[in-house]
**Student:** 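Right, I'll just put the structure down here and ask away after.
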Amino acid sequence: MTQSPRDERDYFERIYTVVEQVPWGKVATYGDIATLVGDGCDARVVGHALGALGARSATVPWQRIINRTGGISLTGHGQRERLEEEGVAFDDRGNARMDAHHWSGPSEEWARANGFQTLPRTAEKPASAQLRLF
DNA sequence: CAACTGACTATAC
DNA sequence: GGTATAGCCAGTT
C-alpha cells in the first residue's frame with residue numbers, strides 16, 4: 001500500500017477514511033473519530049469534515065457519527081431514521097443506545113497499517129456480564 | 001492577518 | 001440529568 005496519507009495533513013480525508021470503517025449498525029462519536037485520527041484532530045474538526053462531505057456523503061456513513069450523549073447533532077437530514085434503518089435503537093430522549101451500538105474502534109492492525117491510532121479505552125467493557133437480549 | 005463560525009466536549013452549578 | 005460557560009481546532013470571511 002503506497003497510498004498512506006500519514007504525511008498528509010488533510011484532516012478531512014483522514015476523517016473520511018476512519019468514518020468509512022464504522023460498520024453497519026454501529027455508531028461512533030465525533031470525539032472517537034478525532035482520537036483515531038489523532039494529530040491534534042478535534043471533535044469539531046470531525047463535524048466540519050462531515051459538513052464538507054458534499055458528494056462524498058453518498059460513500060461516507062456520516063449518519064453513524066453522533067455526539068457524545070448519543071444524540072443527533074444534525075437535524076433535518078433524517079439521520080436518526082437512517083440509523084434506525086440499520087437497527088440502531090434509540091431512547092425516548094432521542095439518544096442512541098451507545099451501550100449497545102457504540103463502535104469499539106478499528107482493529108489495531110488496520111489502524112497501524114493506515115497510520116491511525118486506536119481508542120485509548122473506555123469504549124465498552126464486557127464486564128457486568130449482563131444478560132444478552134437474545 | 002484577526003475575528004467569527006461550527007454536525008463538539010468537559011467542567012461547573 | 002439539564003443548563004451555562006470555557007476550551008478546543010480548522011475553515012471561512
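So that the names make sense, note that chain A is the first sequence line, chain B the second, and so on, each numbered from 1. None of these values were measured; they are calculated from a predicted model.
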**Student:** Between dA7(B), dG11(C), dT9(B), spot the one nearest the side chain of Arg68(A), thanks.
**Tutor:** dT9(B)

**Student:** Could you list the donor-acceptor pairs under 3.5 angstrom formed by side chains in residues 56-63 of chain A, with sequence neighbours left out?
**Tutor:**
residue	atom	partner	partner atom	Å
Ser57(A)	OG	Gly54(A)	O	2.8
Thr59(A)	OG1	Arg56(A)	O	3.1
Trp62(A)	NE1	Ser57(A)	O	3.3
Gln63(A)	OE1	Arg82(A)	NH1	3.2
Gln63(A)	NE2	Glu86(A)	OE2	3.4

**Student:** Flag this pair as yes if the NZ/CZ of Arg80(A) is under 6.0 angstrom from the six-membered ring centre of Phe90(A) and inside a 45 degree cone about the axis; otherwise no.
**Tutor:** yes

**Student:** When all nucleic acid strands are considered with a 4.0 Å heavy-atom cut-off, which category describes Gly51(A): base, sugar-phosphate, or nothing?
**Tutor:** base

**Student:** What are the two closest heavy atoms between Ile66(A) and Ile72(A), and how far apart are they?
**Tutor:** CG2-CD1, 3.6 Å

**Student:** Could you work out which one of dA10(C), dA7(B), dG2(C) sits closest to the side chain of Arg93(A)?
**Tutor:** dG2(C)

**Student:** Scan residues 57-67 of chain A against DNA chain B and write down, sorted by residue number, each residue with any heavy atom closer than 4.0 Å; if none is found, say none.
**Tutor:**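 Contacting residues: Trp62(A), Asn67(A).
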
**Student:** Can you identify which nucleotide, out of dA10(C), dG6(B), dT9(B), has its nearest atom closest to the Ala43(A) side chain?
**Tutor:** dT9(B)

**Student:** Atom CD of Glu13(A) to atom C1' of dA10(C): distance rounded to whole Å?
**Tutor:**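 Taking atom C1' of dA10(C) as the reference, CD of Glu13(A) is at 15 Å.
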
**Student:** Is there a side-chain polar atom (N or O) of Tyr11(A) under 4.0 Å from OP1 or OP2 of dA10(C)?
**Tutor:**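 Result: yes.
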
**Student:** Calculate the interatomic distance between Asp42(A) atom CG and dA6(C) atom P; express it in whole Å.
**Tutor:**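 Between P of dA6(C) and CG of Asp42(A): 18 Å.
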
**Student:** Indicate, yes or no, whether a donor-acceptor pair under 3.5 Å links the base of dG11(C) to the side chain of His48(A).
**Tutor:**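 Answer no: no donor N or O sits under 3.5 Å from an acceptor.
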
**Student:** Tell me, do Tyr11(A) and Val46(A) make a side-chain contact under 4.5 Å, heavy atoms counted?
**Tutor:** no

